[in-house]
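One structure is given here, and the rest of the page talks about it.
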Amino acid sequence: MDASEFRRRGKEMVDYVADYMEGIEGRQVYPDVEPGYLRPLIPTTAPQEPDTFEDIINDVEKIIMPGVTHWHSPYFFAYFPTASSYPSMLADMLCGAIGCIGFSWAASPACTELETVMMDWLGKMLQLPEAFLAGNAGEGGGVIQGSASEATLVALLAARTKVTRRLQAASPGLTQAAIMEKLVAYSSDQAHSSVERAGLIGGVKLKAIPSDGKFAMRASALQEALERDKAAGLIPFFVVATLGTTSCCSFDNLLEVGPICIKEDVWLHIDAAYAGSAFICPEFRPLLNGVEFADSFNFNPHKWLLVNFDCSAMWVKKRTDLTGAFKLDPVYLKHSHQDSGLITDYRHWQLPLGRRFRSLKMWFVFRMYGIKGLQAYIRKGSNKLTKALLERINNAKKIHLVPCHLRDKFVLRFAICSRTVESAHVQLAWEHIRGLATELLKAEKE
Ligand SMILES: *Cc1c(COP(=O)(O)O)cnc(C)c1O
């Protein structure tokens with residue numbers, strides 16, 4: 001494929017993608033295929049002679065699409081949301097074209113510097129404490145990881161190194177193996193399975209703290225476990241608090257857990273993979289209170305902030321905790337600027353060496369939506385729509401409601417009033433409201 005064919009095929013592909021997105025509602029959200037469906041449909045070996053692009057694109061509809069679960073269908077309600085937007089897809093195309101592997105500043109300065117600045121932009125959107133921002137001379141800063149699981153693992157490994165060095169400095173005879181044996185990490189029993197997995201990969205014990213009636217980790221349960229384990233000669237070193245758990249979106253009590261971690265000198269990592277995007281709205285920001293106690297914080301813009309997978313945003317207060325834990329400098333990766341102190345070499349912040357130019361996606365999305373657009377996307381609805389719905393309800397005169405204001409939100413009140421009302425009446429009223437709301441949303445779209 002030469003440049004002129006690429007121009008043509010590229011435009012066709014953009015059309016194909018736009019058609020796919022526009023028509024996705026018409027596709028069955030979950031495929032009909034059985035395991036092993038694909039192998040009989042394609043040759044057993046790669047072709048000796050080249051196929052044409054046409055052959056391939058035809059096979060996409062024949063072979064691939066029938067086996068796709070359509071995550072971006074409006075009928076997809078499984079797992080968790082995965083972000084998608086046109087600006088992000090275009091940025092990904094550019095990322096593919098530049099195709100750099102930005103492991104160090106010198107390996108592509110723009111790749112590193114845009115990432116640092118985008119992570120500061122996003123950190124400011126969340127009103128993260130200053131300590132997490134890189135700024136011009138900060139000790140903290142952000143990095144894009146591939147997934148929340150990776151962020152948790154990186155934090156755990158950094159914490160493991162930190163505590164090991166601290167203990168060895170105090171007792172030089174202590175071996176790493178002797179320390180590892182005693183290290184214990186904690187999360188609530190509602191934490192994502194990736195937290196347990198980080199413990200397995202990191203070779204340390206991970207204990208699940210029983211959550212309370214609201215599925216939140218509380219001070220008393222954590223403190224109790226810490227006391228019991230310390231009495232048994234174990235060494236607590238790492239706590240993961242979850243904001244927005246996978247099962248039910250419960251929130252661990254950061255304002256209780258945070259001070260304990262400070263007092264016990266234990267690394268606190270916050271996993272807000274799903275819910276974190278909401279913190280860009282001031283009305284949801286209080287849910288993040290207590291982040292100031294954390295050593296590291298992570299959430300996935302690739303879930304709910306319109307940046308296509310993969311983009312998992314992780315901040316640390318002390319970048320040296322990461323770079324100190326994972327640094328190796330073979331001569332072929334050295335460059336003349338690296339010791340200037342101003343330079344970020346992101347390979348020291350992550351597990352792999354190579355990394356894509358993922359910050360382009362953030363840059364495109366943040367600029368094309370603006371903070372207001374992103375907030376509106378999280379809120380997904382306005383007082384204007386609610387008012388219009390009320391008008392429709394009261395014009396239809398089938399049921400009758402009055403509204404109220406809850407701070408700056410316009411809310412419809414549904415009071416159960418009559419002595420003779422039964423659940424069937426409530427059901428009918430609900431169906432009626434839903435019908436009118438659907439009509440309204442449709443009219444709004446057109
Ligand atoms: C989705 C989710 C994860 C896993 O995220 P990955 O980026 O796929 O690793 C972890 N924790 C929570 C709370 C999540 O919602």
Side-chain angles (χ1 to χ4, degrees), residues 69 71-72 76-85 88 92 115 118-119 122 126 142-159 185-202 206-209 211-212 214-217 238-254 257-258 267-280 284 287-288 290-291 294-316 346 349-352 355-356 358-359 361-362 365 378:
T69 301
W71 280 63
H72 301 288
F76 183 90
F77 301 108
Y79 312 107
F80 36 69
T82 185
S84 170
S85 69
S88 180
D92 237 354
E115 182 162 333
M118 284 308 102
M119 291 300 293
L122 185 55
L126 300 174
V143 57
I144 305 174
Q145 305 282 0
S147 68
S149 320
E150 236 174 290
T152 304
L153 178 61
V154 163
L156 180 137
L157 295 178
Y186 304 85
S187 69
S188 101
D189 56 11
Q190 298 300 307
H192 190 265
S193 57
S194 56
V195 177
E196 189 176 347
R197 198 140 175 272
L200 284 176
I201 298 171
L206 186 111
K207 298 207 175 173
I209 305 295
S211 52
D212 73 358
K214 290 185 167 166
F215 302 101
M217 176 159 59
F238 186 67
V239 171
V240 179
T242 308
L243 300 182
T245 58
T246 306
S247 302
C248 65
C249 208
S250 59
F251 284 67
D252 287 340
N253 193 322
L254 263 193
V257 167
W267 181 302
L268 174 60
H269 175 73
I270 299 175
D271 173 10
Y274 160 63
S277 299
F279 306 150
I280 66 166
F284 299 127
L287 293 166
L288 186 57
V291 66
D295 297 275
S296 51
F297 168 72
N298 167 249
F299 86 98
N300 288 347
H302 72 227
K303 276 186 169 161
W304 195 11
L305 210 56
L306 297 163
V307 181
N308 283 51
F309 189 81
D310 53 345
C311 180
S312 185
M314 179 190 196
W315 289 266
V316 287
Y346 273 125
W349 297 54
Q350 62 173 19
L351 300 176
R355 56 206 326 280
R356 303 191 321 129
R358 290 180 287 213
S359 55
K361 292 185 288 199
M362 299 169 95
V365 168
I378 297 285

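FYI, the numbering just counts along the sequence from 1. First listed ligand is number 1; within each ligand, the first listed atom is number 1.
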Legend entry - Main-chain N/O of L306 paired to S85 side chain as donor or acceptor, under 3.5 Å: yes
Legend entry - Under 4.0 Å to a heavy atom of G244 - the qualifying atoms of ligand 1, by number: 13 (C)
Inset, instruction - Check if K303 has a non-hydrogen atom at a distance under 4.0 Å from any atom of ligand 1. - result: yes
Legend entry - For A273, the ligand 1 atoms whose distance to one of its heavy atoms is below 4.0 Å: 2 (C), 3 (C), 10 (C), 11 (N), 12 (C), 14 (C), 15 (O)
Legend entry - Check: W304 ring centre within less than 6.0 Å of F299 ring centre: no
Legend entry - Contact (N/O only, under 3.5 Å) between A148 and ligand 1: yes
Legend entry - Atom indices of ligand 1, in the order listed, that fall short of 4.0 Å to a heavy atom of H302: 7 (O)
Legend entry - Any side-chain donor near an acceptor of the partner, D310 and S147, under 3.5 Å: no
Inset, instruction - State whether the shortest distance between N or O atoms of T245 and N or O atoms of ligand 1 falls below 3.5 angstrom. - result: no
Inset, instruction - Could you list the atoms of ligand 1 found under 4.0 angstrom from a heavy atom of F80? - result: 1 (C)
Inset, instruction - Say whether N300, considering both its backbone and side-chain N or O atoms, lies within less than 3.5 Å of an N or O atom on ligand 1. - result: yes
Inset, instruction - Look at ligand 1 and say whether S194 reaches it with a heavy atom at a distance under 4.0 Å. - result: yes
Legend entry - Identity and separation of the nearest protein heavy atom to atom 11 (N) of ligand 1: D271 OD2, 2.6 Å
Legend entry - Cation-pi check, K303 onto F80 ring (under 6.0 Å, within 45° of axis): yes
Legend entry - Between T152 and D271, a side-chain donor and acceptor under 3.5 Å: no
Inset, instruction - Compare every heavy atom of F238 with every heavy atom of A159, then report the nearest pair and how far apart it is. - result: CB-CD1, 3.6 Å
Inset, instruction - Report the part of E150 in contact with ligand 1, treating N, CA, C, O as backbone and CB onward as side chain, heavy atoms under 4.0 Å; options are side chain, backbone, both, neither. - result: neither
Inset, instruction - Check for a donor-acceptor pair, side chain of Q145 on one end and backbone N or O of W349 on the other, with a separation under 3.5 Å. - result: yes
Inset, instruction - Do me a favour and list the nearest non-hydrogen protein atom to atom 9 (O) of ligand 1 with residue, atom name and distance? - result: S149 OG, 2.4 Å
Legend entry - Residues S250 and T245: side-chain donor-acceptor under 3.5 angstrom: yes
Inset, instruction - Would you check, one step at a time, whether the test side chain to side chain contact (heavy atoms under 4.5 Å, CB included) holds for K361 with D92? - result: CA-CA 6 Å; K361 292 185 288 199; D92 237 354; 3.6 Å; yes
Inset, instruction - Starting from atom 10 (C) of ligand 1, locate the nearest protein heavy atom and write down its residue, its atom name and how far away it is, to 0.1 Å. - result: H192 CG, 3.2 Å
Inset, instruction - Enumerate the atoms of ligand 1 whose separation from the nearest heavy atom of Y274 is less than 4.0 angstrom. - result: 15 (O)
